[in-house]
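Any value given below was found using the heavy atoms of this structure, including those in side chains, with hydrogens, waters and symmetry copies removed. This chain uses plain numbering: 1 for the first residue, then up along the sequence.
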Amino acid sequence: MSRSDAPEKILNAAEELFAAKGYHGVSLRQIADAAGVVVSLVQYHYKTKEDLFGAVLGRRISVINHERLARLDRLEHPESGAAKPSLEDVLRAFVEPTVLFSRDVARGGPQYAQLIGQIINDPQPHARQASREYADPIARQTIRVLATVLPEMDPHTLAWCYLFAVGSMVAAISPTGRIRTLAKERPDSPDTHYIIERLAKFLRGGFEAVRDDRSLR
């Protein structure tokens, strides 16, 4: 293995182990062994386990965020004469890239789904750092665009609704197989269209219900 191949091999090994065992269940030495390198080479490229975890998550979420940003930008700055974006348009721009990526085995989608499920509500430093670096910027833009289609909703409530939406999306992509247990009449469907359509409409209904309920104001 050439030295230039080492970072990718380390990232691939770390991704598999972090997804399977969690951040605290894996050591740098285990990652080095799985990658077929010495531990000092892992530390050369990634100074700490927290740095390595951030790199593992970052290479996947950056692909998703690139697509999200492109979609949100088009909605926030529509072409002249284009129709005003709807709430569902914005929600789809947020959730669809994630759902599609989570089903892409060749690009590590299932591992990403496991990792994001692990950190989404984890208050520990490695998870908080990853959220600040990779999740918060796209969250702020999504909330800003949501505000243009939900001008009646105050920023505090809008932020809470965004977090509810994130929780629903992560549950939808989590590879736990729970749907097989809960929906006994059919197996877990690999049809991403099925998931995206229902998730977007479910979230739209939630946002609209909060917006329209005067008792919440």
Side-chain angles (χ1 to χ4, degrees), residues 1-73 93-142 166-167 169-178 188 190 192 195-196:
M1 177 181 64
S2 70
R3 196 176 185 87
S4 62
D5 293 333
E8 184 175 4
K9 287 188 175 293
I10 293 167
L11 287 174
N12 289 341
E15 183 174 66
E16 289 286 346
L17 289 171
F18 284 141
K21 299 183 178 183
Y23 178 82
H24 295 292
V26 180
S27 69
L28 288 181
R29 186 167 298 280
Q30 288 173 308
I31 292 168
D33 290 344
V37 301
V38 295
V39 70
S40 60
L41 188 58
V42 177
Q43 294 171 315
Y44 172 80
H45 290 287
Y46 309 99
K47 302 301 181 186
T48 65
K49 188 167 73 167
E50 186 173 319
D51 290 340
L52 177 55
F53 184 85
V56 166
L57 189 67
R59 72 168 176 167
R60 302 307 188 195
I61 202 169
S62 62
V63 175
I64 297 170
N65 281 348
H66 178 79
E67 177 63 23
R68 281 178 179 162
L69 288 170
R71 294 185 184 207
L72 289 169
D73 281 341
F94 176 65
V95 304
E96 190 167 1
T98 301
V99 176
L100 290 173
F101 190 91
S102 73
R103 294 304 183 97
D104 191 336
V105 175
R107 294 198 292 174
Q111 289 81 12
Y112 169 77
Q114 286 178 278
L115 291 172
I116 203 69
Q118 290 172 15
I119 73 162
I120 195 66
N121 290 314
D122 190 336
Q124 298 190 60
H126 73 284
R128 294 176 66 184
Q129 175 59 33
S131 292
R132 282 194 298 269
E133 186 169 354
Y134 300 111
D136 287 359
I138 192 70
R140 293 189 185 97
Q141 177 156 357
T142 304
V166 171
M169 179 180 67
V170 172
I173 66 171
S174 180
T176 60
R178 285 200 73 211
D188 187 7
T192 54
I195 296 170
I196 291 166

Just wondering, do L69 and Q141 contact through their side chains at under 4.5 Å, heavy atoms? yes
Would you please name every residue forming a side chain to side chain contact (heavy atoms under 4.5 Å, CB included) with I120, sequence neighbours left out? V166, V170
Output all residues satisfying ring-ring contact (aromatic ring centres under 6.0 Å, His included) with H66, sequence neighbours left out; order by chain, then residue number. none
Pairs in or reaching into residues 110-119: which pass side chain to side chain donor-acceptor pair (under 3.5 Å), with residues at least two apart or in two chains? E16-Q111
Taking side chain to side chain donor-acceptor pair (under 3.5 Å) as the test, write out the residues that go with R128, two or more places apart. none
How many angstroms lie between NZ in K47 and CG in L28, if you round to the nearest 0.5 Å? 12.5 Å
Which heavy-atom pair separates G25 from Q30 by the least distance, and what is that distance? O-OE1, 3.6 Å
Where do R59 and V63 come nearest, in terms of heavy atoms and distance? O-CG2, 3.5 Å
Smallest heavy-atom separation, A55 atom then Y46 atom, equals CB-CE2, 3.7 Å
What pairs with E50 under side chain to side chain donor-acceptor pair (under 3.5 Å), at least two apart in sequence or on another chain? none
Taking all non-hydrogen atoms of both residues into account, name the closest pair between V38 and A32 and its distance. C-CB, 3.9 Å
Sequence-distant partners of T176, side chain to side chain donor-acceptor pair (under 3.5 Å), two or more places apart: none
For the atom pair CD1 (I138) and OG1 (T98), what is the distance rounded to the nearest 0.5 Å? 9.0 Å
Do the side chains of L52 and L11 get nearer than 4.5 Å, heavy atoms only? yes
Could you tell me if the side chain of R60 sits less than 4.5 Å from the side chain of I116, heavy atoms only? no
Between the CD1 atom in I64 and the CZ atom in F101, the distance rounded to the nearest 0.5 Å is 5.0 Å
For the residue pair F94 and M169, establish whether any side-chain heavy-atom pair is separated by less than 4.5 Å. yes
ring-ring contact (aromatic ring centres under 6.0 Å, His included) partners of F18, counting only residues at least two apart: Y23, F53
Closest non-hydrogen atom pair, H126 against D122: CE1-OD2, 3.6 Å
Taken in chain and number order and not counting sequence neighbours, the residues that satisfy side chain to side chain contact (heavy atoms under 4.5 Å, CB included) with S102 are A113, I173
Using distance alone, with no hydrogens and no angle criterion, decide if S62 and N65 have a side-chain donor and acceptor under 3.5 Å apart. no
Here the gap from L115 atom CG to I61 atom CD1, rounded to the nearest 0.5 Å, amounts to 10.5 Å
Checking A70 now: which residues fulfil side chain to side chain contact (heavy atoms under 4.5 Å, CB included) with it, not counting sequence neighbours? R74
Under the side chain to side chain donor-acceptor pair (under 3.5 Å) rule, collect the residues that match up with N121, sequence neighbours excluded. none
Looking only at heavy atoms, the pair that brings P110 and P175 closest together is O-CG, 4.1 Å
Do L100 and I196 make a side-chain contact, defined as non-hydrogen atoms from C-beta onward lying under 4.5 Å apart? yes
Set of residues satisfying salt bridge (charged side-chain N to carboxylate O under 4.0 Å, His left out) with respect to E96, sequence neighbours excluded: R71
Can you name the residues that form a salt bridge (charged side-chain N to carboxylate O under 4.0 Å, His left out) with R107, not counting sequence neighbours? D104
To the nearest 0.5 Å, how far apart are NZ in K49 and CD1 in I31? 7.0 Å
